[in-house]
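Here is the naming used below: chain letters follow the sequence lines, and residue numbers restart at 1 for every chain. Since this is a predicted model, take the numbers as computed values, not measurements.
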Amino acid sequence: MIRNLRELYQYRALLWSLTSRELGARYRGSVLGFLWTFLNPALLMAVYAVVFSVYMRQRLEHYTLFMFVGLLPWVWFSSSIAGGASTLSDRRDLLTKVRFPPQVLPAHVVLTNGINFLLSLPLMFVLSLASGVVPTWHVVVVPVLVAIQTAFTLALIYFISALNVTFRDLQHIVSNLLTLAFFLTPILYPLDVIPEQYRTMAVYANPMAAIATSYQRVVYEHRLPDPGPLAFCAALSVVLLLAASAYFSSRREELAELV
Amino acid sequence: MSSPYAIEVRGLCKSFRRRVIRGGVTTFKTQLVGLLTGKRREKFEWRTAEVLKELQLQVPAGATVGIIGRNGSGKSTLLKILTGIYSPTSGTAVVRGRVSALLELGAGFHPEFSGRENVLINGVILGLSRSEVRDRLDEIIDFAELRDVIDEPVRTYSSGMYMRLAFSVATLVDPDVLIIDEILSVGDEHFSRKSRNKMEEFKARGKTMLLVTHDLATVERWCDSAVWLEGGRIAAQGDPREVVAAYRKVIAEQEAQSAPQVPAPPLGLEVSGLRVLDGGGQPRAVFGPDDGLVAEVDLESHRELPGAQLRAEIVRHDGLVVYGAATPLESPPALGVARLRVDRLALNDGEYSLTVAVAPAEGAASPALRGVFSVRSNAPAAGVVRLPCRWEIVVRPPAPAPVAASPHVAQAGT
């Protein structure tokens, strides 16, 4: 299973090529081109801002910023999972015609969306400043959060994409589960809205909740994240990633035949 | 320890488990009805297909080996195992050195990207580093002859241009073992010659090559040995000309058997039984170019058929008609034998078929009888026929006085 990750490093040139192509291809042919990388999250933010600060007024101060802080990592997560589910089954051409390390495919989906996430971070800080909230030193925690989220997302995608090769229903099931997970994750609402008795479960059972609330703590509340859920989430992500790599390696031989 | 073999395959078996759907076409309606009634009309079944069975193969380093065989004989599966795309069910397949496989040209090309960008990414997919590809980018573009369009998206390319670009990238990887699946004929005449030269160059540099092709002439001309796969087993291997000949013979015989028998109205004059004999009247299948050949047919005549003809044709394996003639058949006996006597075959090496039919002056001929034979010589030559010719070398006495600088001018002066 370590071999799986080591190979991923060996093939980093390939990983990077696929990622940069993906980034370039996404807005290829459109007039605004790469600008969409910033425009998309900005427009998404505008939509939520209008709905939640005009129609469904929230009692939270700087609600738009609060919501946006949780939404950005969620978009990274959900678009990685949604796009990654079919990443193996869609790339038959690569898997069956070239000697190709299959673990690069799920990884490049996470990386592509991760770079989009990183590129949208400045937008978050611009919004923060515009709301009159000056970021504090607490933002040094952000790279840690990014690392944990990368591991967790990669682990899930390894499982899902490998399973999806033989069980194609999974990609449709997953996209619906993502909607459910979105509303179960404290992004549009703060954690303390959840009734007391469910709150602990909500952050421990849902790693994305631990991650999203940590971002909110750091960027919006200027506090350090709650260590309990975050540490649990980090440990879980590492274990999951090792298990997922092992599972992926065990299926690797047959992927080319089944896809 | 180094082995003389670049590729070593021992007891290689490969079977696939395939899910087959039985019971017709799946539509939204059949699915819905199936779900509601609890009965699925289509039944899934797992079937195991043995594609390769106990394969043994050794390819010496630096050899060029051609793999021939019919569709579904396991050729591509073997290549994919050697490339590392599939893993063997049992047995081993060892390839020594850096492998590059050209199984499909342009695998991984993105239509929206320019030729240049695709070359970069495709090179990386094939195992080069980005700087290696960048260094050879110009070489690739020039080889593909696409300098004018290299910055346009490849979706605007013609299929020939697309293939040329893909081929150029693929051969740029400098492998020890090159595995090629049916792509030698890329692009137009000019580029296909160029790609052949590229392959020649690989060969000259002592690279091991394994190619699957249906172009048997290429195998004969080009390969050091040939492997004929039939139903996942090696039917024959060794000298390419012998293996190809054996393969062609089997194909020709099968075609002869499965040729559609169109029931023709009885002419009253039939040929039955055709024998290919040598000059001495003995049945024979392999001839030398100087040998004589006799085709003997049995004739049955039941009625007068004015203007009847005997038609004979000799066709090479690739469909080229080497000889064809119709001879009037006057007053055939009620029961007899007709012999077509060829004193000297004068054909070059190859597989030939000989057909004989009778035809009335007008209307359809009787079903043709078909026999096969091959020609083998010790000194094969190019072309179809061996013209009865020879070289004469005449020694010219030295010129008496070498005065002029050029013999041509000297001649013109006299």
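For N118(B), the part lying near chain A is the side chain, with the backbone staying farther off; criterion is any non-hydrogen pair under 4.5 Å. Interface residue F16(B): only side-chain heavy atoms are found under 4.5 Å from chain A. Within the 4.5 angstrom heavy-atom criterion, no atom of S129(B) approaches chain A. Interface remark: L18(A) contributes backbone and side-chain atoms alike to the contact with chain B (heavy atom separation under 4.5 Å).
Shown here for R130(B) and S17(A), the closest heavy-atom pair between the two residues is NH1-OG, 2.6 Å. Nearest approach of L94(A) to I125(B), heavy atoms of both residues: CD2-CD1, 3.7 Å.
Between H110(B) and R21(A), some side-chain heavy-atom pair lies under the 4.5 Å cut-off.
With rounding to the nearest 0.5 angstrom, the CD1 atom of I121(B) is 7.0 Å from the CG atom of L14(A).
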Could you go through the salt bridge (Lys or Arg N to Asp or Glu O under 4.0 Å) check for E257(A) and K80(B) one step at a time?
CA-CA 10 Å; E257(A) 291 162 31; K80(B) 283 187 179 180; over 6 Å; no
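Within a 6.0 Å radius of OH in Y5(B), other residues, nucleotides and ligands contribute 12 heavy atoms or fewer. For R168(A), the CZ atom sits in a packed shell: over 12 heavy atoms of surrounding residues, nucleotides or ligands are nearer than 6.0 Å.
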